Amino acid sequence: MRVVVVFLLSALLPLCSCHQRDPLAWLYGPSSLRFGSLQADTTGGECPEECDCPPSFPVAMYCDGRGLTAMPAIPSRMKYLYLQNNAITAVPDSALVNATNLVWLMMHYNQLTSDAVGTKAFQHSSGLKRLYLQHNNLTSFPPNLPRTLQDLRIDHNKIEKVTPADLEGMDNLTILYLHDNAVTDMGTSLKALKSLTLLEISGNKLTKVPEELPEHLHQLYLEFNAIDSLPEGFMGRFTQLQYVRMAHNQLTDKGIPANTFNVTGLVELDLSFNKLERIPPVSTTLQHLYLQANQIKEFTLGSFCSVMDVTNFSKLQTLRLDGNEISLQDIPTESNLCLRLTASIEI
């Protein structure tokens, strides 16, 4: 019946010249047509039965949430592989041998352990840019990760230490999520990350700021650690840093060198839930300052404005001081001249 329909349709249509698109090409034409093929692409192997490989997007393989306990066979054409929300326990050396075109690999929310990731597992993934390994049971970085990575998410694991070898040569890495692990020391492991712009290492067991932070950082998150002091010149070397969050640490006035946060470019600073007794001096360019739940006993207007006139005033919009040892009566009347852009002060 299908042949008859096609024959009748073709009889009603004029003959097409070699320079025109065949109006029936979508029934049998090649996959190069803009709107895709109706037949599955089997280049480099068949799609595993437990996964979905949409004909309209033949380079993506969806195996998420299928109850998998082992890695499926991967056709070589695949660029985007979704394996999250399964129970996969291992990535053996042979698992990705055929997947030489992978760009994204999503393996978050599985049961991976460090000793079950082969030392050569990523040997053939020379184009991998995005790797999601969060919410597994890793105790260390997988060995020999591709140096092409741009986005690495390995948070919510059980990693205790990061060594320089773990991240050596990752010149392209711009995003590193390492929060909610058990890291106590990072040494100089971050030195090699020349392109890093976002570093999220909150929820670890750090007692000091990691050494030799990449100078192109844009966002630095260090919340929920045990840091009690900052190194001299901590902020001076960063030219692009705009967001710093160090809430829920053990910072004291003594542990913060003078004018640490009085640097231009900083947009948001969160020092809430620490042990500060004074408001640290900040730059007039700062827009959001969070100091709630400290032990601040005095409202020092000089922390915001060393000079007050028509052109010199703070750009601060948000100021939180609630949960300290001061009240509204402690705010000097001339604060309106300095904090003229601040919508409200929470005390």
Side-chain angles (χ1 to χ4, degrees), residues 31-32 36-157 159 166-167 169-178 195 198 200:
S31 59
S32 59
S37 170
L38 295 180
Q39 295 183 348
D41 188 343
T42 58
T43 305
E46 296 280 351
C47 182
E49 292 184 1
E50 62 270 31
C51 303
D52 291 326
C53 306
S56 59
F57 194 24
V59 294
M61 189 165 113
Y62 297 90
C63 312
D64 50 308
R66 312 298 168 99
L68 300 181
T69 58
M71 296 285 289
I74 307 166
S76 61
R77 69 180 181 276
M78 293 305 169
K79 292 185 177 181
Y80 310 99
L81 179 55
Y82 300 89
L83 289 166
Q84 69 270 26
N85 296 304
N86 281 295
I88 299 172
T89 58
V91 185
D93 288 339
S94 60
L96 302 173
V97 168
N98 197 41
T100 55
N101 291 305
L102 273 187
V103 178
W104 292 7
L105 176 56
M106 309 300 182
M107 295 199 68
H108 45 297
Y109 286 99
N110 274 283
Q111 297 178 17
L112 294 175
T113 58
S114 293
D115 58 358
V117 179
T119 58
K120 298 180 181 179
F122 296 96
Q123 185 176 14
H124 300 278
S125 305
S126 58
L128 196 63
K129 294 181 179 180
R130 182 172 294 182
L131 177 59
Y132 286 10
L133 295 171
Q134 64 265 38
H135 291 277
N136 276 282
N137 297 314
L138 300 173
T139 54
S140 62
F141 272 65
N144 303 314
L145 288 175
R147 286 0 189 181
T148 52
L149 284 177
Q150 296 177 2
D151 184 349
L152 175 58
R153 309 195 182 196
I154 198 167
D155 52 278
H156 290 90
N157 278 283
I159 298 171
D166 293 330
L167 300 171
M170 289 194 182
D171 296 341
N172 299 305
L173 196 67
T174 59
I175 297 174
L176 177 58
Y177 282 10
L178 188 57
S195 301
L198 188 157
E200 167 60 287

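Quick caveat, the model's predicted, so the values are computed rather than measured. What's counted below: heavy atoms across the whole structure, side chains too, no hydrogens, waters or symmetry copies.
- Atom OH in Y132 sits 12.5 Å away from atom OH in Y109 (nearest 0.5 Å).
- Of all non-hydrogen atoms in N86 and G65, the two that sit nearest each other are ND2-N, 3.7 Å.
- Side-chain contact between D52 and Y82 is absent, with no heavy atoms from C-beta onward closer than 4.5 Å.
- Results of the side-chain contact (heavy atoms from CB on, under 4.5 Å) test with L138 over T113, D115, L133 single out L133 as the only residue that passes.
- Nearest approach of E50 to P72, heavy atoms of both residues: OE2-CB, 3.6 Å.
- For the atom pair CG of L152 and CG of L145, the computed distance is 6.5 Å after rounding to the nearest 0.5 Å.
- Closest approach of Q84 and N110 over heavy atoms only: CA-ND2, 4.0 Å.
- Residues R77 and C53 have side chains in contact (heavy-atom distance under 4.5 Å, counting atoms from C-beta outward).
- Distance OG1/T69 to CD1/I88: 8.0 Å, rounded to 0.5 Å.
- R153 places none of its side-chain heavy atoms less than 4.5 Å from the side chain of R130.
- Here the closest heavy-atom approach between residue N157 and residue Q134 is recorded as ND2-CA, 3.9 Å.
- You'll find the ring centres of H108 and H135 outside the 6.0 Å limit.
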Assess the residue pair M71 and L83 against the criterion (side chain to side chain contact (heavy atoms under 4.5 Å, CB included)); give the C-alpha distance rounded to whole Å, side-chain angles, the decisive distance to 0.1 Å, and a yes or no. CA-CA 8 Å; M71 296 285 289; L83 289 166; 3.8 Å; yes
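- Looking at T174, its side chain does come within 3.5 Å of a backbone N or O of Q150 through a donor-acceptor pair.
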Go through it in stages, so that I can follow the logic: the residues are L96 and L105, the test is side chain to side chain contact (heavy atoms under 4.5 Å, CB included), and I'd like the CA-CA distance, side-chain angles, deciding distance and then a yes or no. CA-CA 10 Å; L96 302 173; L105 176 56; 4.2 Å; yes
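- Between the CG atom in D166 and the CG atom in N144 there is a gap of 10.0 Å [rounded to 0.5 Å].
- Between atom CE of residue M78 and atom CG of residue N101 there is a gap of 10.5 Å, rounded to the nearest 0.5 Å.
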List the steps and the verdict of side chain to side chain contact (heavy atoms under 4.5 Å, CB included) for L198 and Y177. CA-CA 8 Å; L198 188 157; Y177 282 10; 3.1 Å; yes
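- A donor-acceptor pair under 3.5 Å is formed between the side chain of S195 and the backbone N or O of D171.
- Contact annotation: the side chain of C63 approaches that of L68 to within less than 4.5 Å [non-hydrogen atoms, C-beta and beyond].
- Side-chain atoms of V91 and M107, non-hydrogen and from C-beta on, do get closer than 4.5 Å to each other.
- In terms of heavy-atom proximity, A60 sits nearest to P54 at O-CD, 3.7 Å.
- Rounded to the nearest 0.5 Å, atoms CG (D64) and CG (L81) are 9.5 Å apart.
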Could you check L102 against F122 for side chain to side chain contact (heavy atoms under 4.5 Å, CB included), going step by step and ending with a plain yes or no? CA-CA 10 Å; L102 273 187; F122 296 96; over 6 Å; no
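- Closest non-hydrogen pair, P75 versus M61, comes out as CD-SD, 3.7 Å.
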